[in-house]
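For this chain, numbers begin at 1 and follow the sequence in order. Because the structure is a prediction, the values reported are computed rather than measured.
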Amino acid sequence: MTDGSAPGGVDSRGIDVRGVDVRDVDIELDLDRAPDDRPASSSGPVPWLVATGVTVLAAALGLTLALRSGSAPACAAGRTLAAPPTGTATHTGKATFYDSKGAGGNCSNPAAPANRLYVALGPTEYAAGAACGGFLDVTGPKGTVRVLIMDQCPECEPGHLDLSREAFARIADPVQGLVQVTYRAVVNPPLPGPLTFRIKEGASQFWFAVRVGNHGNPLRAVEVRQGDGGPWRATARQDYNYWLLASGAGPGPYSVRVTDVYGHRVTVSGIRMAPGQVQTSVVRMYERGVVARTSRPSATARPPAARPSGTPTSARRPAEVAKANAPATPVADGPSTRPAGATARWCG
């Protein structure tokens with residue numbers, strides 16, 4: 001500043017006589033910052049610019065670190081993997097009831113079981129059909145009932161069982177409508193009969209879909225091949241409980257290899273391309289923990305029908321206890337235990 005400078009003047013370097021860099025003022029104007037009466041600082045950028053810069057930098061750094069470390073979004077912490085109840089763990093939940101009106105539910109059963117003891121599970125435990133055909137022992141205020149997993153309850157959260165009216169009446173007074181329960185999977189339940197196979201309507205040598213019945217435990221895999229030789233081809237489970245090979249399996253007859261979640265595996269030969277018919281084999285999924293021998297289905301088949309009659313489920317004692325006697329050595333060369341379509345429920 002020179003001796004002749006007037007107050008408020010600017011020297012040859014662009015510096016105000018009060019020590020304020022005029023270029024700082026220009027920056028503030030360029031940023032559309034409304035002028036105010038606060039005194040300008042001679043120490044550099046104003047505090048709000050510093051704070052904003054630090055915040056943006058921290059956010060960017062945090063996002064970069066999260067991406068590099070593979071961290072999931074915040075909502076992922078609440079995801080629940082879809083999987084059916086298995087093993088011997090006891091779960092706590094609640095039960096309501098409904099009436100399927102004799103229909104076989106989302107599991108594509110030909111009809112409700114003869115004893116009308118069944119349950120619908122929420123999407124997480126229904127697991128895109130992976131729970132179909134298994135059994136649960138459900139205990140409420142009045143006792144315990146064994147139910148077939150037959151249907152899906154779209155609005156039910158994990159732990160919410162929607163029982164048949166008859167099953168609910170075994171464990172509580174229907175007037176209550178909703179009760180607290182405990183439940184557990186039944187491992188190796190008594191089987192209602194040998195395995196059944198139903199080729200879906202519309203199937204041909206170019207498109208194959210089969211439903212397996214009377215397997216007791218939830219299934220892990222179904223494989224098919226043309227005749228008695230050649231490579232096994234893995235099918236994909238559909239949420240309506242059919243096992244699909246979209247490219248077809250040939251004209252048949254077929255060999256079908258079935259594996260459950262506890263490692264029982266059996267093979268049935270001679271399954272024909274007979275859409276809509278239920279073909280009953282002579283093979284049981286297990287015999288008190290012993291895997292049945294490979295065999296062929298019976299020669300007779302039920303007459304064609306759009307919805308063939310189902311194999312009745314034999315009545316059981318309400319509190320029948322299961323014996324967990326799966327084989328000691330699990331199958332080593334089977335397909336992945338995770339069924340097709342059984343994915344995590346994404347938070348929205």
Side-chain angles (χ1 to χ4, degrees), residues 102-114 129 132-133 148 150-151 191-260 264-286 291-314 335 339-341:
N106 285 160
C107 291
S108 298
N109 289 24
C132 286
L148 170 69
M150 184 191 81
D151 210 350
L191 296 171
L195 290 172
T196 63
F197 299 85
R198 185 179 188 274
I199 305 296
K200 189 169 178 56
E201 294 88 349
S204 70
Q205 62 178 313
F206 307 108
W207 188 85
F208 180 89
V210 63
R211 180 189 177 278
V212 183
N214 293 345
H215 44 80
N217 299 313
L219 294 183
R220 187 182 80 184
V222 173
E223 301 159 283
V224 63
R225 68 184 179 188
Q226 173 70 35
D228 294 325
W232 288 107
R233 302 178 65 186
T235 61
R237 189 204 315 268
Q238 306 301 297
D239 60 5
Y240 52 90
N241 197 32
Y242 271 81
W243 296 81
L244 174 66
L245 193 58
S247 60
Y254 314 101
S255 294
V256 181
R257 185 163 68 180
V258 183
T259 307
D260 71 18
H264 299 103
R265 171 180 282 181
V266 295
T267 300
V268 178
S269 300
I271 301 299
R272 298 173 293 108
M273 174 52 72
Q277 297 185 28
V278 176
Q279 301 179 57
T280 303
S281 74
V282 295
V283 178
R284 290 177 178 261
M285 193 68 206
Y286 47 82
V291 177
R293 295 189 301 272
T294 298
S295 186
R296 294 180 177 272
S298 57
T300 59
R302 301 182 184 183
R307 292 192 63 82
S309 58
T311 303
T313 303
S314 56

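Contact check for Met150 versus Pro113: side-chain heavy atoms found under the 4.5 Å cut-off. Using a 4.5 Å cut-off on side-chain heavy atoms (C-beta onward), Val212 and Val222 make contact. By the 4.5 Å heavy-atom criterion applied to side chains, Leu245 and Arg233 are counted as neighbours. You'll find the side chain of Asp239 stays beyond 4.5 Å of the side chain of Asn106, heavy atoms only. In this structure, Val224 and Arg257 have side chains that are not in contact, with every pair of non-hydrogen atoms separated by 4.5 Å or more.
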CA sep, side-chain torsions, deciding dist, call: Met273, Ile199, side-chain contact (heavy atoms from CB on, under 4.5 Å): CA-CA 7 Å; Met273 174 52 72; Ile199 305 296; 3.8 Å; yes
Steps toward side-chain hydrogen bond (donor to acceptor under 3.5 Å, both in side chains) verdict (Asn214, Thr196): CA-CA 6 Å; Asn214 293 345; Thr196 63; 4.6 Å; no
Val256/Glu223 under side-chain contact (heavy atoms from CB on, under 4.5 Å): CA gap, chis, key distance, verdict: CA-CA 6 Å; Val256 181; Glu223 301 159 283; over 6 Å; no
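Of all heavy-atom pairs spanning Trp207 and Glu201, the tightest one is CZ3-O, 4.3 Å. When every heavy atom of Ser269 is checked against every heavy atom of Ser255, the shortest pair comes out as OG-OG, 3.2 Å. Closest approach of Arg265 and Thr259 over heavy atoms only: NE-OG1, 3.0 Å. Contact between Ala209 and Ala203 at its shortest, heavy atoms only, is N-CB, 4.4 Å. The two atoms that bring Ala274 and Gln279 nearest to each other are CB-NE2, 3.9 Å, heavy atoms only. Shortest non-hydrogen contact noted between Tyr254 and Gln226 is CE2-OE1, 3.8 Å.
Partners of Asn241 according to the side chain to side chain donor-acceptor pair (under 3.5 Å) rule, which considers only residues two or more places apart in sequence or in another chain, do not exist here. Not counting sequence neighbours, Phe197 has no partner by the ring-ring contact (aromatic ring centres under 6.0 Å, His included) test. Qualifying side-chain contact (heavy atoms from CB on, under 4.5 Å) partners for Asp260, counting only residues two or more places apart in sequence or in other chains: Asn217, Leu219, Tyr262, His264, Met285, Tyr286. Applying the side chain to side chain donor-acceptor pair (under 3.5 Å) test to Arg211 and every residue at least two apart in sequence or in another chain returns Asn109. Judged as a side chain to side chain donor-acceptor pair (under 3.5 Å), and not counting sequence neighbours, the contacts of Tyr242 are Arg198.
Here Phe208 contributes atom CZ and Thr235 contributes atom OG1; the two are 7.5 Å apart, rounded to the nearest 0.5 Å. Rounding to the nearest 0.5 angstrom, the gap separating the CD atom in Gln238 from the OG atom in Ser108 is 10.5 Å.
Among the candidates Thr280, Val266, Val282, Val283, the single residue satisfying the side chain to side chain contact (heavy atoms under 4.5 Å, CB included) test with Pro194 is Thr280.
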